[in-house]
Amino acid sequence: MATSVTAVAALAVFSAPRSLPQPPAPLPSRQNVVSFVGRPVRAHRRLVAVAASSPATPPDLANKVSESIKQAKETCADDPVSAECVAAWDEVEELSAAASHARDRQKGVDPLEEYCKDNPETKECRTYED
Amino acid sequence: MAAFTVHTSAATSLYSPAGTAILLRSRSRAYPTTTTIRVSCSKTVVIGVAADSGCGKSTFMRRLTSVLGGGAESPRGGNPNSNTLVSDTATVICLDDYHSLDRAGRKAKGVTALDPRAHDFDLMYEQVRAIKEGRAVEKPVYNHVTGRLDPPELITPPEILVIKGLHPMYDERVRDLLDLSIYLDISNEVKFKWKVQRDMAERGHSLENIRASIEARKPDFDAYIEPQKQYADAVIEVLPTQLIPGPGDDEGKVLRVKLIMKEGVEHFAPVYLFDEGSTVNWIPCGRKLSCSYPGIRFAYGFGTYFGHEVSVVEMDGQFDKLDELIYVETHLSNLSTKFYGEVAQQMLKHADFPGSSNGTGLFQTIVGLKIRDLYEQIVARR
């Protein structure tokens, strides 16, 4: 959900077209808008770059969280006040907290630094010292 | 000549690199004799923090270790799922490591992690006392990913030990070992908003599930965790803001935060605004300082909290600029800063941390400075 919101924001940000062909006649904006919409491929590339920015929970932990939620709902369906139900929701809370901490640990990682560690010779990773 | 060897037994590890405890065993004698020489150069200062946010590097711990100096990392070469943080001066231990029941055990018995039946308070007391007296311990490790207890890790006595978890003040013996205790009291509305922010990206979570989870844990929380408030020397209470009418702030970003400080605690002087012992209501925004919506409102007063005399500093609103931060810092007193602007500097250093623009960050930073001040006073007295 969060990533789709950022993707829409990215589309809004990058909607200033760099090299759309300028129509010779002075019928400007309507034609430009149509020609931008008619080129979804350009927008697609930018979507990919933005999606990588928010860290995701490691898959095994994410699975554990959803499993525990399912189990808690089942346990509580019979008797919402039983000790088992409470313990099941407590487990959900514990796993959600662990997932959140795992995401925090990943957040400190800068994707550019990671890439440059493996590929120091690429253009983005060149350092210039005078 | 008797040959001496230094032994470390598996059960109680008495080896400590600071040279504070040496166990000597003589080999050549017919009968084994052991002489324990305990040389305490320094006693560890122990701080207790009661918080319900699990065992990760929480924002409060990050701010605290930053004020004390040095970054906090997991112990090198140890269990990657260790809950312990070690920095140059401080070690943070998560009390979940003293679970007597692992996740399967708790499920079988129908017991939550909030229930004292799931914790081994005897071991907690023994080990905290050992570290306070300068002896290293082998502390168990609770793995939050697998939900089981892992092999123990070695904890050597640091200068400052912080025990963080759900029950630092629950057991009376452990309470007596604490030099300062802090309770983070998040109100239910704010708790719900923060959990929504934290969990909505997870697959399978929904608003109803989050609410159900909070509601299910509430009885145990009220019965076992809330009562610790009365023992705390400082309480950081986080409430919804009063500056935005109606359900305006959905993300829980603008907050009303109270710092409740007990009077008469050794080495701990409460923060005050303008005139100690009076009641003040202050809106700094005006001619000298311009603030953006919703602004900032401060209050200072005194009263009683669970039968104790307390001073309360309260901040409602949001910081928008560095100017506001410095302006506010100029007017607060007894902050235990080492130089003018230290609070602002610490807040700016971690401007990306949650709570950096409201009272949670401000009061967490101030409490960190108070802890540093308490530690220095204790050390100076030796």
Side-chain angles (χ1 to χ4, degrees), chain A residues 1-7 9 50-110 113, chain B residues 51-59 62 71 74 80-81 83 94 96 99 101 103-115 118 142-147 166 191 194-195 197-206 208-221 352-354:
Chain A
M1 257 169 49
T3 46
S4 62
V5 170
T6 49
V50 172
S53 59
S54 46
T57 326
D60 53 339
L61 205 42
N63 284 336
K64 282 202 175 138
V65 174
S66 36
E67 278 303 311
S68 67
I69 295 176
K70 248 184 269 174
Q71 269 222 322
K73 282 201 257 196
E74 278 166 36
T75 322
C76 294
D78 324 320
D79 182 10
V81 234
S82 67
E84 284 82 31
C85 172
V86 172
W89 280 121
D90 186 51
E91 191 178 322
V92 170
E93 165 61 30
E94 186 193 343
L95 284 166
S96 306
S100 154
H101 293 309
R103 266 175 292 169
D104 281 344
R105 253 177 276 169
Q106 285 191 352
K107 212 189 271 188
V109 176
D110 184 1
E113 291 294 312
Chain B
D52 184 20
S53 53
C55 282
K57 237 197 226 184
S58 70
T59 315
R62 279 192 253 202
S74 304
N81 281 310
N83 304 309
C94 186
D96 278 359
H99 274 316
L101 298 169
R103 201 178 288 157
R106 273 177 280 144
K107 202 183 214 159
K109 283 201 174 171
V111 156
T112 62
L114 304 160
D115 197 316
Y142 178 75
N143 188 324
H144 280 91
V145 177
T146 60
L166 291 162
K191 199 183 274 195
W194 283 4
K195 294 221 164 143
Q197 287 285 301
R198 187 191 74 179
D199 293 335
M200 277 312 270
E202 286 291 334
R203 203 174 10 117
H205 257 305
S206 66
E208 300 83 45
N209 290 340
I210 296 175
R211 198 175 274 294
S213 173
I214 296 181
E215 292 298 319
R217 294 173 89 234
K218 205 166 183 306
D220 272 2
F221 192 86
D352 54 327
F353 285 4

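Every value quoted in this text rests on a predicted model; they were computed, and no experiment measured them. So that the names make sense, note that chain A is the first sequence line, chain B the second, and so on, each numbered from 1.
- Chain A forms more heavy-atom pairs under 4.5 Å with one residue of B:Asp199, B:Asn209, B:Asp115, B:Ile214 than with any other, namely B:Asn209.
- Heavy atoms of A:Val86 lying under 4.5 Å from chain B belong to its backbone as well as its side chain.
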Item to complete: Determine, step by step, whether B:Arg103 and A:Leu95 satisfy the side-chain contact (heavy atoms from CB on, under 4.5 Å) criterion, reporting the C-alpha distance in whole Å, the side-chain angles of both residues, the deciding distance to 0.1 Å, and the verdict.
Response: CA-CA 11 Å; B:Arg103 201 178 288 157; A:Leu95 284 166; 3.5 Å; yes
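- For B:Val111, the part lying under 4.5 angstrom from a heavy atom of chain A is the backbone only.
- Of all non-hydrogen atoms in A:Ala98 and B:His144, the two that sit nearest each other are CB-CB, 4.2 Å.
- Interface residue A:Ala62: backbone and side-chain heavy atoms are both found under 4.5 Å from chain B.
- The nearest pair of heavy atoms linking A:Ala83 to B:Gly110 is CB-O, 3.3 Å.
- Options A:Glu84, A:Lys70, A:Lys64 differ in how many heavy-atom pairs under 4.5 Å they form with chain B, and the most are formed by A:Lys64.
- Contacts between B:Ser53 and chain A at a heavy-atom distance below 4.5 Å involve the backbone alone (N, CA, C, O).
- Among the candidates A:Ala72, A:Ser66, A:Cys76, the residue making the largest number of heavy-atom pairs closer than 4.5 Å to chain B is A:Ser66.
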Discussion item. I'd like to know whether A:Glu93 forms a side-chain contact (heavy atoms from CB on, under 4.5 Å) with B:Leu114, so could you lay out the CA-CA distance, the side-chain angles of the two residues, the decisive distance to 0.1 Å, and finally the verdict.
Written reply: CA-CA 11 Å; A:Glu93 165 61 30; B:Leu114 304 160; over 6 Å; no
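- Using a 4.5 Å heavy-atom threshold, the side chains of B:Arg198 and A:Ser96 count as touching.
- To the nearest 0.5 Å, atoms OG (B:Ser206) and CD1 (A:Ile69) are separated by 7.5 Å.
- Taken from OG in A:Ser100 to CD in B:Gln197, the straight-line distance is 11.5 Å, to the nearest 0.5 Å.
- The environment of B:Lys191 atom NZ is dense: over 12 non-hydrogen atoms of other residues, nucleotides or ligands sit within 6.0 angstrom.
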